[in-house]
Every structure is written in C-alpha cells, then in structure tokens.
Colleague: 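I am attaching a structure below and will ask some questions about it afterwards.
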Number of protein chains: 2
Amino acid sequence: MTGFDESVSPPARVAELGEGISLDELHLAARNHGMPLESLRYDTTPPGLHYLLIHYDIPALDPREWRLRIDGHIRRPRTLDLAEIQAMPQITHRVTMECAGNGRARLEPRPVSQPWLDEAVSTADWTGTPLKALLRETGINDDAVDVVFTGADHGIERGVEQDYQRGLPLAEALDEDVLLVHTMNGQPLPPQHGAPLRLLIPGWYGMAQVKWLTRISVLDRAFDGYQNVTAYRIKQEPGEAGVLVSRIHPRALLTPPGFPDFQTRTRIVERGSQELTGRAWSGWAPITRVEISIDGGIDWNDAELGAQPSRYAWCSWNWTWHASTPGHYELCARATDAAGTVQPVGQTWNLQGMANNHAQRVPVVVR
Amino acid sequence: MTGFDESVSPPARVAELGEGISLDELHLAARNHGMPLESLRYDTTPPGLHYLLIHYDIPALDPREWRLRIDGHIRRPRTLDLAEIQAMPQITHRVTMECAGNGRARLEPRPVSQPWLDEAVSTADWTGTPLKALLRETGINDDAVDVVFTGADHGIERGVEQDYQRGLPLAEALDEDVLLVHTMNGQPLPPQHGAPLRLLIPGWYGMAQVKWLTRISVLDRAFDGYQNVTAYRIKQEPGEAGVLVSRIHPRALLTPPGFPDFQTRTRIVERGSQELTGRAWSGWAPITRVEISIDGGIDWNDAELGAQPSRYAWCSWNWTWHASTPGHYELCARATDAAGTVQPVGQTWNLQGMANNHAQRVPVVVR
C-alpha cells in the first residue's frame with residue numbers, strides 16, 4: 001500500500017444506475033481496443049485487430065538487453081536470454097483469448113473499470129517453448145505450490161503499486177500446453193502483445209497470459225498478489241474473498257450481418273435469406289452446440305457447427321435466416337460446451353464484472 | 001435519404017452538460033482505437049498501434065478480384081488491378097496522420113460521435129504510386145473540378161446511406177505527394193487500414209485518406225457528398241454551411257512520464273530531473289516551436305526540437321523538468337508551426353468537434 005489519495009487511485013466502485021461512462025473509463029477504452037466484430041470472419045485475427053488490454057504502459061524493452069530470471073524454490077536458478085529460449089523446442093498453438101472483463105459495460109449496474117462491450121476476444125497462432133520442460137530442468141523443490149509470473153509493466157491499481165504479476169498453481173504451470181511465447185502469427189511478438197516474451201495458458205482468460213515476462217518464481221505457498229486475490233475474483237460484496245477467475249466460459253458471437261449505421265451500429269439487412277455466421281469458444285471443453293435467436297432470446301434455432309481447428313481455438317458456425325418480413329429484430333447467439341455448460345442469455349452480475357458471458361444482442365432492421 | 005427512423009440513425013447532437021458517454025459512443029470507442037500515448041516514443045508507430053477510425057465495417061475484399069475504376073470527365077477511363085498499380089513508380093512517405101475528431105470527447109458540451117480524447121494520431125511509412133501521373137495519363141478534361149474517391153465501406157450516417165466518399169479539388173489531387181498506397185511500414189496494407197489500396201494525402205486529417213478504394217471519378221463540378229458538405233465541416237449551428245476540414249492543425253503531445261494508475265491514468269514521477277519528451281506536427285508547415293507547461297498552461301518553457309524526419313512526419317522534442325517539489329502538477333504542451341499558427345490551450349468548440357487541437361493535459365504526482 002502506497003498511500004496514493006483516491007483522486008489518483010480510486011477504489012473499485014459500481015456506477016449508479018443510469019450513470020454514463022466516465023472520461024476515465026473512456027480513456028481506457030481509447031487505449032485498449034476490442035476486435036471489430038466483422039473480423040469474426042477471419043479464422044485468425046489479422047495483426048493489429050487482436051483485442052488489447054494493458055493495465056499500465058507498454059514497457060520499452062530492448063530484446064538484446066532483456067533477460068528472463070527463473071528462481072525461487074528450485075535447485076538451479078537461471079537467467080536466460082531470448083536466443084536461448086528460441087533455441088529450445090518450439091510449438092505453435094492456435095488459441096482464442098478473451099479478456100475476463102468482456103461484457104462488463106453492459107452490466108447493470110456497471111462495475112467501473114475497462115468498459116468492454118462484446119469485442120474483447122480474438123484468435124492468434126502463438127509460437128514458443130513449453131514451460132514444462134524448462135521448469136523441470138530447474139529442479140523444482142518438493143514443497144513448491146505456486147509459480148509466479150512477473151511482467152515489466154509497472155503501475156498502481158486501487159492504491160496498490162505493483163509490477164503486473166500473476167500466480168498459477170504448479171500443476172497448471174506444468175500443463176504441457178503452457179508456452180513461453182515470442183512469435184505471434186509467424187511474426188515477432190509486437191510490443192503491445194508482450195515483446196519479447198509472454199506467457200500463454202491456452203483456455204484461460206487474458207489476465208493469466210502475462211506479457212513482458214521478466215521473472216518466473218516458484219513459491220512454497222499460494223501467491224497472494226493483487227491480481228490473484230483482489231482483482232480477478234468473482235464476488236458479490238467488497239469484503240468477500242470470492243472465486244478465482246480462470247478458464248474462459250462458453251460464448252458465441254455473431255458476425256453482424258448486412259451493413260451498419262455509423263452511430264448506433266444497428267444493422268440493415270435486405271429481405272431474403274441471410275447466412276448468419278460467427279464463432280463460439282470455451283476454455284473448458286469443445287463447443288457442442290450453438291443456438292441463434294432472432295427475437296432477443298425467446299425462440300432458439302440450432303446452428304451448424306464448423307470444425308474446431310484446435311482444442312483452444314474458436315469454431316465457426318452458420319445458420320440460414322429466412323428474413324422474409326421487414327421490421328426490427330434482435331439477434332442473439334448462445335453456446336454450449338462438452339462440459340454441459342450453457343451460456344446464459346441474461347447477465348450474471350458480479351462486483352467487478354468478471355467472466356461475464358451473457359449473450360450478445362445485435363439490433364437488425366430487415367428492409 | 002433513406003427514411004431510416006431516428007432509433008436506427010439518429011441526427012447529430014451535442015450531449016447535455018455533464019452527460020456521460022453513452023453506450024453508442026462507447027461502442028465506437030471499443031471498435032476504433034487511439035494510439036497508447038507511451039507509443040510516442042517510436043518514430044513510426046508499430047503495426048497494430050496506429051490509430052483507427054472506421055465509419056462502417058472493414059470490407060472483405062479479395063485483392064485478386066479487386067479492381068480500381070478511374071472514370072468521369074477524362075478521355076481514357078480505365079480499370080486497373082493491384083499488380084498494374086504496383087508496377088508503376090513507387091514512393092514512400094513518412095506521414096503523421098490524425099483523426100479530424102481527435103479531442104472531441106474533451107469538448108464541453110460534447111458533440112456525440114466517435115469520442116476521442118488525445119490519442120487519434122500516429123505515424124507510418126506509406127508506400128504507393130503517385131496519383132498525379134496516373135490521373136494525367138487518363139487525359140483529364142479541361143472542365144474538371146473535383147476528384148471523388150469511393151471506398152468499399154458501406155453504411156448509414158445521420159440517415160444517409162452511402163459508400164464512404166470524399167471529393168478533393170483537382171489541384172490538390174494533382175499534388176505530387178498524393179499517393180495510392182498498398183504498403184504500410186514495408187508490409188502489405190492490413191485490412192483495417194484500407195487493403196488492398198487506399199489514398200494518402202499527406203498533411204490532411206484522416207477523413208481524406210479514403211480506404212478500400214474502388215473508384216476514382218473526375219467531376220465537372222464541386223462534389224456535394226455527405227462527408228464533404230455535411231460531416232467534416234467546422235460549424236457553430238446546424239443550418240450553417242461551415243468550413244471544410246482539410247489540413248492538420250499544429251499539435252504537440254507529451255509522452256506521459258513515470259508510470260500510471262490503472263483507472264485514472266494519473267502519472268507518478270519520482271522527484272528529481274525528468275526528461276520530458278514528445279512529438280509535434282502540423283499539416284500546414286514545419287514545427288518551429290514547442291512549449292511545455294507544468295502548471296496547466298500558465299507558464300511556458302521552450303523545448304528543444306529534434307529533426308523533422310520528413311515534411312509530413314512529427315518531430316520529436318524534449319525538455320528537462322526539475323521536478324524538485326513533491327505534489328500535483330498538470331503538464332501541457334503546445335506547438336507552433338512555420339505558418340505562425342500557435343496551438344490553442346483551451347477548446348475551440350464547434351458543433352461536430354472537428355479539427356480541435358486544444359492542449360493535452362497530463363495529471364502528474366511527483367513523490
């Protein structure tokens with residue numbers, strides 16, 4: 001705790017009912033950005049369209065000077081440079097990543113933070129070296145509990161000064177799909193996505209995918225840092241410990257059909273058959289069903305699912321809408337995964353607006 | 001005029017004093033994005049960090065199928081494919097581009113549209129073929145007045161259905177620096193920046209730089225399309241014709257020093273000497289002076305200017321702040337160009353919030 005006054009670093013709060021978005025929230029929305037939803041047409045999100053959530057600043061790191069320190073409850077602490085990491089075995093995973101705060105700005109009342117609507121999701125091909133082998137080589141002590149990942153980005157959040165840090169249970173860190181990533185879509189990782197090295201935990205929300213990695217520490221206790229025990233928790237009341245946010249809940253999004261109005265983003269669709277398409281994903285299990293509604297969630301129709309290109313990437317879906325009657329419609333989609341979880345249509349409110357997978361609503365006029 | 005009702009396509013309006021940002025405005029802010037201001041550290045903005053303003057959707061164009069039609073009041077109408085354009089002489093310009101709506105969300109009262117704060121500016125190396133030679137080859141008629149550029153993006157704006165179109169006086173279109181661009185920072189133009197081909201008019205605000213070009217038409221009259229005569233005008237009252245928005249007014253931005261608070265973006269700076277840096281640009285003339293204030297615009301100090309790398313690119317500046325006394329400060333910067341225009345500190349309000357170059361304000365705590 002650093003004693004910054006609340007004008008500098010205000011506590012978490014929930015907006016009054018009907019309170020508009022503040023300039024502070026807008027400032028976050030202007031820096032960070034979602035994926036324009038017409039980009040759901042791409043299997044992998046083109047460079048520059050992948051959503052971004054940066055807590056503090058993009059650090060200025062020189063990849064030649066940069067080092068990764070691995071230490072803590074291990075027998076052989078070590079420091080690696082980028083060339084050493086790139087000389088290790090390399091794997092590429094196609095992964096859909098989503099911000100844990102996606103959907104927050106549609107909650108009523110609205111938790112005041114990065115004000116996402118529906119767009120904080122994207123898919124990329126990430127290349128790097130498996131963390132498991134590297135960690136095993138360091139000789140993990142038997143008393144190890146958590147692994148802590150530290151990024152180079154430094155800031156204050158709700159009064160707490162910090163480098164961005166996230167802890168992960170050792171068993172999760174040793175999952176064979178967890179990577180230390182230096183390449184995105186076949187190109188060097190851009191600065192805003194964590195250059196020169198970031199963590200990738202496929203299937204988890206974005207807060208776990210620590211960018212600008214500088215240190216990996218093995219702890220003999222559970223990590224109690226801000227981002228694990230305060231920020232990314234699902235709670236109803238401020239005093240509550242809450243539940244840790246981890247894997248991505250199932251969600252489907254529609255590629256908005258037709259063309260938009262500039263201001264309202266309402267879609268105009270010509271009368272006739274409309275091929276509706278979109279994507280669906282879950283960090284828990286493969287997608288087994290996508291349903292579409294044209295009446296705001298009253299009646300539902302089963303979409304046809306495309307192939308799921310990898311365990312962790314979104315799958316495409318399509319459904320033909322016979323839009324024969326002009327008028328106003330509200331399109332929704334919802335996903336179900338193989339774990340049996342059905343995406344809720346309405347909001348599942350929580351104090352910080354985390355892991356909220358309520359259904360998208362796309363206003364459409366058929367003419 | 002298409003008769004869409006106002007719930008689909010509302011008229012332009014100005015927010016009530018104190019009215020928060022609406023979900024419609026937030027929707028635009030979540031799609032489009034500014035350049036995180038720490039990126040002022042880069043001479044050219046890294047891919048994916050360049051600001052974006054897309055009126056409708058990013059079109060899905062196949063570069064193999066794509067053609068550019070040149071017609072109108074010329075003797076030899078023609079249709080070109082991308083390879084033909086790439087086979088012509090190629091030039092690269094380093095250009096700073098800014099959205100004409102930059103600063104809009106800080107106006108009081110606030111025009112309701114894309115709600116930019118300070119971040120809608122970036123610099124890139126753009127490569128393409130000069131428009132002048134290509135237009136000359138078509139045999140421009142003596143009665144030619146304007147050249148109209150049509151993009152593939154289609155939508156409605158304030159009730160008017162349209163392809164995005166901008167007209168330019170013939171003399172401006174024949175400026176030797178105007179390019180048809182297919183390459184950005186040495187890479188093929190990304191979809192969101194106008195692939196496969198866009199217009200580049202160095203020194204003009206972004207609205208002139210038509211993306212996803214499909215047609216260039218020479219008119220024997222002044223173009224009276226929506227984006228020229230309605231949208232991008234500086235007016236005080238709705239009925240007014242107003243003044244056309246064209247070249248970029250001088251502006252300086254500070255790279256925010258120290259580190260930020262997540263929510264307020266207030267900067268924390270350690271007591272001592274602080275090298276303040278930033279960029280300044282003008283579409284009218286080279287930058288001749290940058291001044292810095294640490295007290296919200298009361299006293300001003302001359303910064304040292306770096307080289308201006310090209311006629312149309314921002315120049316760097318720096319000034320050493322002896323931040324010896326802890327406390328709260330408000331940093332501002334203002335630019336002057338060789339045309340003698342001094343950037344205003346306060347707002348120069350207009351109905352649509354266009355071409356507004358009031359000074360940035362960076363709250364800083366020295367500790």
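So you know, we letter chains A, B, ... as the sequences are listed, proteins then strands, and number each from 1.
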Colleague: If the threshold is 4.0 Å, N to carboxylate O, is there a salt bridge linking B/Glu38 and B/Arg267?
Modeller: no

Colleague: Would you mind checking which part of A/Gln187 comes under 4.5 Å of any heavy atom in chain B, side chain (CB onward), backbone (N, CA, C, O), both or neither?
Modeller: neither

Colleague: Just give me the residue among A/Pro46, A/Pro190, A/Ala60 that pairs up with chain B most often, heavy atom to heavy atom, under 4.5 Å.
Modeller: A/Ala60

Colleague: Go through the atoms of A/Leu26 and report whether side chain, backbone, both or neither lie under 4.5 Å from a heavy atom of chain B.
Modeller: both

Colleague: Which bit of B/Pro260 is near chain A, if near means a heavy-atom gap under 4.5 Å: side chain, backbone, both or neither?
Modeller: both

Colleague: Given 3.5 Å as the limit, does a donor-acceptor pair link the side chain of B/Ser22 with the main chain of B/Glu25, or not?
Modeller: yes

Colleague: Which atoms of B/His328 come close to chain A, meaning under 4.5 Å heavy atom to heavy atom: side chain ones, backbone ones, both, or neither?
Modeller: side chain

Colleague: With a 4.5 angstrom heavy-atom cut-off, could you sort out which part of B/Leu23 is near chain A: side chain, backbone, both or neither?
Modeller: both

Colleague: Side chain, backbone, both or neither: which part of B/Tyr51 has an atom under 4.5 Å from a heavy atom of chain A?
Modeller: neither

Colleague: What option among A/Glu119, A/Arg31, A/His193 has the most heavy-atom pairs under 4.5 Å with chain B?
Modeller: A/Arg31

Colleague: Is it the backbone or the side chain of A/Pro47 that comes under 4.5 Å from a heavy atom of chain B, or both, or neither?
Modeller: backbone

Colleague: Counting only heavy atoms closer than 4.5 Å, note whether B/Ser7 contacts chain A via side chain, backbone, both or neither.
Modeller: both

Colleague: A/Thr266 versus chain B, heavy atoms under 4.5 Å apart: side chain, backbone, both or neither?
Modeller: side chain

Colleague: In terms of heavy-atom proximity below 4.5 Å to chain B, should A/Ile58 be classed as side chain, backbone, both, or neither?
Modeller: both

Colleague: Which one of A/Gln162, A/Glu161, A/His55 satisfies the side chain to side chain donor-acceptor pair (under 3.5 Å) criterion with A/His154?
Modeller: A/Glu161

Colleague: Walk me through whether A/Gln360 and A/Asp118 qualify under side-chain hydrogen bond (donor to acceptor under 3.5 Å, both in side chains).
Modeller: CA-CA 7 Å; A/Gln360 172 198 22; A/Asp118 305 300; 5.1 Å; no

Colleague: Is the B/His50 ring parallel, tilted or perpendicular to the B/Trp126 ring (thresholds 30°, 60°)?
Modeller: perpendicular

Colleague: Identify which one of A/Ser113, A/Pro10, A/Ser9 satisfies the side chain to side chain contact (heavy atoms under 4.5 Å, CB included) criterion when paired with B/Phe262.
Modeller: A/Ser113

Colleague: Side chain, backbone, both or neither: which part of B/Pro363 has a non-hydrogen atom closer than 4.5 Å to chain A?
Modeller: neither

Colleague: Which residue out of B/Asp153, B/Leu117, B/Asp24, B/Asp57 racks up the most heavy-atom pairs below 4.5 Å with chain A?
Modeller: B/Asp57

Colleague: For A/Ile268, which atoms come within 4.5 Å of any heavy atom of chain B: side chain, backbone, both, or neither?
Modeller: side chain

Colleague: Please answer whether the main-chain N or O of A/Leu276 pairs with a side-chain N or O of A/Asn318 as donor and acceptor at a distance below 3.5 Å.
Modeller: no

Colleague: Would a distance-only check, ignoring hydrogens and angles, find a side-chain to backbone donor-acceptor pair under 3.5 Å from B/Tyr42 to B/Thr123?
Modeller: no

Colleague: Taking atom types as modelled, find out whether B/Tyr56 and B/Glu157 have a side-chain donor-acceptor pair closer than 3.5 angstrom.
Modeller: yes

Colleague: Examine whether an atom of A/Val8 lies under 4.5 Å from a heavy atom of chain B, and if so say whether it belongs to the side chain, the backbone or both; otherwise answer neither.
Modeller: both

Colleague: Crowded around A/Glu275 CD? As in, over 12 foreign heavy atoms under 6.0 Å?
Modeller: yes

Colleague: With chain A, which of B/Thr264, B/Val365, B/Val112 has the greatest number of heavy-atom pairs at distances under 4.5 Å?
Modeller: B/Thr264

Colleague: Could you tell me whether A/Glu19 and A/Arg13 make a salt bridge, using a distance below 4.0 angstrom between a side-chain N and a carboxylate O?
Modeller: yes

Colleague: Pick whichever of A/Gly18, A/Gly20, A/Gly258 has the most heavy-atom pairs under 4.5 Å with chain B.
Modeller: A/Gly20

